[in-house]
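This one's a predicted model, so the numbers in the text were calculated from it and none came from an experiment. Below, chains carry the letters A, B, ... as their sequence lines are ordered, and counting in each starts from 1.
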Amino acid sequence: MPLDVARIKKDFPILARTVRNEHPLVYLDSAATSQKPVAVMKAESDFYSQHNAAVHRGAHLLAEEATDAYEGAREAVARFIGAKSDEVIFTKSATESLNLLAYSWGNAPSNSRFHLAPGDVIVLSEAEHHANLIPWQELARRSGAILRWFGVDDEGRIDLSNIDSIIDSRTKIVAITHQSNVTGAITPLTSIVAAARSHNALIVLDACQSAPHFAIDVKELEVDFLAFSGHKMVGPTGIGILWGREELLAEMPPFLFGGSMVTAVTMEGASYAAPPKRFEAGVPNMAQAVGLHAAIDYLNAVGMGQIHEHEVALTEYALSGLSSIAGVGIVGPTEIKDRGGVLSFTVEGIHPHDVGQGLDDLGIAVRTGHHCAWPLMKRMGVVATTRASLYLYNEKSDVDALLLGIEKVQSFFGSKGIGR
Amino acid sequence: MPLDVARIKKDFPILARTVRNEHPLVYLDSAATSQKPVAVMKAESDFYSQHNAAVHRGAHLLAEEATDAYEGAREAVARFIGAKSDEVIFTKSATESLNLLAYSWGNAPSNSRFHLAPGDVIVLSEAEHHANLIPWQELARRSGAILRWFGVDDEGRIDLSNIDSIIDSRTKIVAITHQSNVTGAITPLTSIVAAARSHNALIVLDACQSAPHFAIDVKELEVDFLAFSGHKMVGPTGIGILWGREELLAEMPPFLFGGSMVTAVTMEGASYAAPPKRFEAGVPNMAQAVGLHAAIDYLNAVGMGQIHEHEVALTEYALSGLSSIAGVGIVGPTEIKDRGGVLSFTVEGIHPHDVGQGLDDLGIAVRTGHHCAWPLMKRMGVVATTRASLYLYNEKSDVDALLLGIEKVQSFFGSKGIGR
Amino acid sequence: MNLESLYQELILDHYKNPLHKGLVSPADASVHHVNPSCGDEVDLNLTIRDGEIQSVSWDGVGCSISQASTSVMSDLVQGRTVDEASQVIDAFMEVMQSKGSTTGDESLLGDAVAFAGVSKYPARIKCALLGWMAFKDALVQLGGYRAKDSGEAK
Amino acid sequence: MNLESLYQELILDHYKNPLHKGLVSPADASVHHVNPSCGDEVDLNLTIRDGEIQSVSWDGVGCSISQASTSVMSDLVQGRTVDEASQVIDAFMEVMQSKGSTTGDESLLGDAVAFAGVSKYPARIKCALLGWMAFKDALVQLGGYRAKDSGEAK
Ligand SMILES: Cc1ncc(COP(=O)(O)O)c(C=O)c1O
Ligand SMILES: Cc1ncc(COP(=O)(O)O)c(C=O)c1O
C-alpha cells in the first residue's frame, strides 16, 4: 500500500508554508535535518505543561512523571532498534555519541579492552562524515594509534578489495557509516563485520542516514555501537542516541562528569554508576527525549517498511529523472540497489552554489557544498555538489519540481552563456 | 514595584495543575529545574513550524531563517550577560560547558597557556556541585595536576582565611560556584578573583544558580569563563551556555569534533574554525537556543532586578518562618545577606526522604538528598537535606504551604513516636 | 494526610526498633551499599553455615523505609536456607517492581508485605531495596544466590 | 525567475572572463583562502611598491559570485595606494553586512556595487568576500592594511 503522502504532509506544518516569491516550499534537505510533525511539538509542550521536573532526582510526583516519560523514551528507542533499554544512551547528537566513544576509550586504562596503544589501528572509510572521522583522528593523535581507511569506487561505494590488509590483527576499532550522506551508498556491512569480528575489533556504525529511513535491528547488524540523531528522524533537535552492547558499556569509562552519574563522591575522587546513567551526566535533555519518543511513535505508525518502500520508489524516479537531463551528473550510485534517497549531482558548467541559489529562488530547498565529507568530495573529484534528499513527506511532485527547477536554472545561466 | 506573581503564574501552565490527592501544585524545586512559560514552548514550536532547517549549512531560505534565529539567540545570551556574541558557546547543559573546558584544556599542547603540567594546581571549593568538581578531578588525573579547595564554615560559606596558601603561583585554574545549590550561599568573588588574577590563573564561574536569579555582567565579575543551564532559567532542557573571554577562546583547542567546526579536512587531519563555531560540532540544538532566547526575553520583560528583589523578600520570609519551627535546622546562612533563595533544612528525628514524602503528599514539590554536592553534605554533617528553592513564580502562599506542611509532617510522624 | 497507607505502623515500628542492627563479627561476607540518590548507607555482615543463613546483621543510616525494610529483611531470612532466602529476595523485588499491582505472597514475605505501598513511589523503591540488595550481594559473594529464572543474577 | 537582480550581467561577465586570474610570481605575499562551507578556494599574490598596489593576481575555483567578486576586486585595487585599497575593502565589507540596505558608494567601489544584491543572501556573502578576504590578509601580512576605525583589523 503506497503512503498517503498528502495526509502525511498535513502533519508537518512547515510544508504548508511558502518561501521566496510566494513559491510553496519544496523541502529536499532532510539529510541535513528533517521536518517535524505536530505530534512531536505537542509532546514537548505537553511535557513542559504537565510533567516537567528534574528526572531521577526529586521525590515528588512531577519528578516521578518526568522520570517515567524520560525512561519511556529510552524504551521506545530500544524497541525501535531491537535493543535493551539500558543499552540506550541519550546524547545531544550523533556527533556527541561518536565523540563519547572516542573520549571514553581515550580515558580507558591500559588494562582495559578499550585502551589503544601506539600502533593499534582504527579503520574508517573515505566516505565518512566529519563526525565519524575527526573524533578518531584526535583519538589516534592522543593514543598513538594509526588510521587506515577503505577507499571508495567511482560511484562512491566502499571498496572492499583490500579488506584483508585494512582490517587485520592490529585493528581495534572499525568505525563506518551505514549510508553515505553524500552519495546515498549503503555500506556492505556483512564482510566488514565478519572481518572485524574475526580480529576482535569493535564495530561502530554511524546510522545517521539509515535509522531514519529503514528498520534497523542491532542484533541483526551484529555491530557493537550505533550512533544517530533525533533531528534527522522527524524528532527534535538537541537529542542523539548512542547504543552499545550491554557488556561493553558495562566496562566503558565515563565521558562527561557531573551529577547523576556517580555512586559516591569525595573531594578527591568519584565512583561511577552503571550504564546508561554513567554516560548521562547532569539534568538531561528530557523534553527532547520525550519529543523523540513521539517521533518514533509517528514513524512506527506510518511504518518503517512503508517509508522505506516509498523512498525506494521515489529515489528510482528521481535517479531516472536526473539521468535524463543533459549536463547533470549523479555523484553516487546511479542504480537503486543498495542506495538510499540522498541524491548528489553536478550541473555542467554551473557551480553548485549557483544551482542551489536558482532552486531556492523557485522554493526548492536543497543543500550545496561538501556536506561535511570533505575527503569523499576530493575522491569523487568535485569541490562541491548539489544534494537533494528525500523523506516520507516527499512525493513525485517534489521530484518533478526539482527536475524542472534544474532545467530552469540551466536555461537561466545558459541564456547568459554559462553552462549548456 | 512588587512582582505581579498571580499574573506570572498564569504564564506557566504546569502551575495550574493539581497533584497527589487533588492538591494544587506548590513547586519549590526550581534549583533542580525551573518551569517554563508558554512563550518558551511557543518559540520552539514556531521554530519547528516555520523556520526549521540546519543552520550554517544550506543555501536556501529556511536555512537562512534558522541561522538568523540561532544566531539571534546567541546575541540575546550575550546581551543578558554583558558579553560579545562570539564569546557565547551553546552546549547541551552547564555540565557539558564545564566538561568542555576540562577536555579542551586537557587537549592543549605543552606550549599552550591552557596546558597543565604535573604539580600545577586546580582550585575548587568544598561547596561545588559534582558538575564543577568531577571534571576537574579527571583533568587532574590525566594531567598530573593537583586539586586544592577552599573549605566552608558552619553556615556553608566559603572560608577565605587561608586563601594565600590555596591560590598561589602554582595555581592555573580556579573553578568555583557563584551560588551554592545546597545552602544558597553566594561566593565572595572579589578576593578570589583578585588572588587568581595576581597569579595569572584562569577563573571559571559556575553560574547555574546565579544567572537565573539576578543580573550578571561578565565584565564586572572579571572572571574568564561562565557556565550555566537554560532549563534553570525558564528555558528549555537540552541547552547550556559557556561564555569565555574572546582572546582565551581564540587559543583554546576544540572539544567535540565533527561537522561545521572545521576549515579544512583530509583523512589525516583537520584544521579548526574560529570560536564559537570551533566549539559547536554538528547540527546544533537550534530549537532549544530559540527557546532560550524566548526565556531570556521573558525574564527581561519581568526584569532581573525585580526578580531578584522578589526572591530576596520571599527568602527572608521563608528563613524567618523556618527558623520559627521547633526542630527545623537551616543548612546554610540563616541571614539574607549574600544568599539566594535555596533553602536546605533538616527536621529533627525525621529523615529528609520522609519529610519530602510527607510534603509531596500535600502537593508540595521539594528535593531531598545530597543535591549532587556530596562533599558539602559531609562537611555540613548531614547525609541529606530537604531543599526548597524559590523563583519568580513563587509567592508567600507557597512558603506558607511549605511551613504548614513541615508542621503537618512533624505531627504525622510525631503521632507515631518519631521526631518531636 | 494520606501517608498512613505508605507508612504502616509495622514499618514505623521496625524503624523505631530495628532488628539485627549492630554488626556481628566475624562474618563470611561484609558488604557496603549506598543509595546514590540520597547518600543513605548500609553495612551488612552475613554468615552461612551448611546452606543456612546463620547470621545477618547490619548498620547504617537512612530513612524510615530503608531502615525498616532492612530490619524486616534481616529478621525474615534469619535461619532460612540459601535457596529459600533467594526466593524471598526475588519475591520482594517483584513486589517492588509491580507499581502497586501486587502485595506479594504473605506466606513467603511475612512482614515485608507491608512495603507493597512503596512500589507506587518509584523514588522510594531504592530505599526499600537498599538492605535487600546488600544482602543479595553478600549472598552472591558467597556463591549462594540462585536466581529464579535463567540462572543469571540481574 | 527573480535571479536577474542577483546575477547581474556585470557579475556574469566577470565570471566568464575573469581579470587578473593566473598567478603572477614572484610576489611579496601569497595567501590561500578557503570557504569552509563549500570548499571553494582562492590563491592570491600581491606585490606592493612605494605604498601602491603594483600587482594583484589570483587563481581558484568557485561559484560565479566568488569568481566574479575576486575579479572585480583585483581590477579595482590595482594601482591604488594601500590606504585607498584599505578603504575600498572596508566599504565593500559594509555593503556585504548591510542586508540589502545600501548599495555602496559607486565612486569608491566601481563595478563592485553590482554585488549589493548578494548581501540579501547571508549564505552567499562568504562567496562574495572570499577573494576580498584573501586580499586583505595579504595586505595585513605586508603591514599595509589600515582599518578605518580603532586601528585594529577586524
Ligand atoms: C551549582 C550547579 N552547578 C551545576 C549544575 C549542573 O547543571 P546541569 O545539570 O543543568 O548540567 C547544577 C544543577 O544541577 C547546579 O546547581
Ligand atoms: C552520516 C552522518 N553522520 C553524522 C552526522 C552528524 O549528525 P549530527 O550533526 O546530528 O550530530 C550526519 C549529519 O549531519 C550524517 O549525515
Side-chain angles (χ1 to χ4, degrees), chain A residues 13-14 17 19-20 29 32-33 35-36 41 44-45 48-50 52-54 57-62 92-93 95-96 99 126 129-131 134-135 137-138 149 231 236-238 256-259 262 265-267 269-270 281-283 285-288 353 356-357 360 365 367-368 372 374-375, chain B residues 13-14 17 19-20 29 32-33 35-36 41 44-45 48-50 52-54 57-62 92-93 95-96 99 126 129-131 134-135 137-138 149 231 236-238 256-259 262 265-267 269-270 281-283 285-288 353 356-357 360 365 367-368 372 374-375:
Chain A
I14 205 171
R17 84 162 262 202
V19 284
R20 305 231 195 258
D29 197 15
T33 199
Q35 297 304 340
K36 327 296 175 200
M41 306 173 211
E44 288 205 50
S45 62
Y48 288 136
S49 308
Q50 296 297 325
N52 178 63
R57 295 191 170 195
H60 51 82
L61 180 69
L62 292 184
K92 70 171 176 178
S93 62
T95 299
E96 187 195 339
N99 278 276
E126 226 172 10
H129 187 280
H130 296 162
I134 315 181
Q137 291 178 345
E138 290 288 322
W149 53 88
H231 70 90
T237 61
L256 297 180
F257 302 92
V262 298
V265 183
T266 65
M267 284 309 288
V283 173
N285 39 6
M286 304 175 291
Q288 291 70 48
H353 263 193
Q357 188 83 44
D360 175 44
R367 206 182 145 196
T368 62
C372 300
W374 219 315
Chain B
I14 205 170
R17 89 162 259 199
V19 285
R20 304 231 196 262
D29 197 16
T33 199
Q35 296 303 341
K36 327 297 176 200
M41 305 172 213
E44 288 206 51
S45 63
Y48 288 137
S49 307
Q50 296 297 324
N52 178 63
R57 294 190 170 198
H60 52 82
L61 180 68
L62 292 184
K92 70 172 176 178
S93 62
T95 299
E96 187 195 337
N99 278 275
E126 227 173 9
H129 186 281
H130 296 162
I134 317 182
Q137 292 178 344
E138 290 289 324
W149 53 88
H231 70 91
T237 61
L256 296 180
F257 302 93
V262 298
V265 183
T266 65
M267 285 309 289
V283 173
N285 39 5
M286 303 175 292
Q288 291 71 46
H353 263 193
Q357 188 83 44
D360 176 44
R367 205 181 146 195
T368 63
C372 300
W374 219 315

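- Remark: the backbone N or O of A:Pro135 is not paired with any side-chain donor or acceptor of A:Asn99 at under 3.5 angstrom.
- Counting heavy-atom pairs under 4.5 Å between each of B:Met41, B:His353, B:Gln137 and chain A puts B:Gln137 at the top.
- Only the side chain of A:Glu138 comes within less than 4.5 Å of a heavy atom of chain B; its backbone N, CA, C and O stay farther away.
- Heavy-atom distances place the side chain of A:Glu44, and not its backbone, under 4.5 Å from chain B.
- Counting heavy-atom pairs closer than 4.5 Å to chain A, the top-ranked of the candidates B:His231, B:Gln357, B:Lys92 is B:Lys92.
- B:Pro375 places a side-chain heavy atom less than 4.5 Å from the side chain of B:His130.
- Inter-residue side-chain proximity for A:Tyr48 and B:Thr237 is flagged as met; some heavy-atom pair is nearer than 4.5 Å.
- Inter-residue side-chain proximity for A:Ile14 and B:Leu62 is flagged as met; some heavy-atom pair is nearer than 4.5 Å.
- Both the backbone and the side chain of B:Leu256 come within contact range of chain A, each with at least one heavy atom under 4.5 Å from a heavy atom of that chain.
- Only the side chain of B:Arg17 comes within contact range of chain A, with heavy atoms under 4.5 Å apart.
- In terms of heavy-atom proximity, B:Ala281 sits nearest to B:Gly258 at CB-N, 3.7 Å.
- The nearest pair of heavy atoms linking A:Gly259 to B:Cys372 is CA-SG, 3.7 Å.
- Among B:Asn285, B:Thr95, B:Leu61, the residue with the largest count of heavy-atom pairs under 4.5 Å with chain A is B:Leu61.
- The two residues B:Asn52 and B:Met286 have their closest heavy-atom pair at OD1-CE, 4.1 Å.
- Ranked by heavy-atom pairs under 4.5 Å with chain A, the first of B:Met267, B:Gln288, B:Lys36 is B:Met267.
- Your options are B:Val265, B:Asp360, B:Ile134, and the one with the most heavy-atom pairs under 4.5 Å with chain A is B:Val265.
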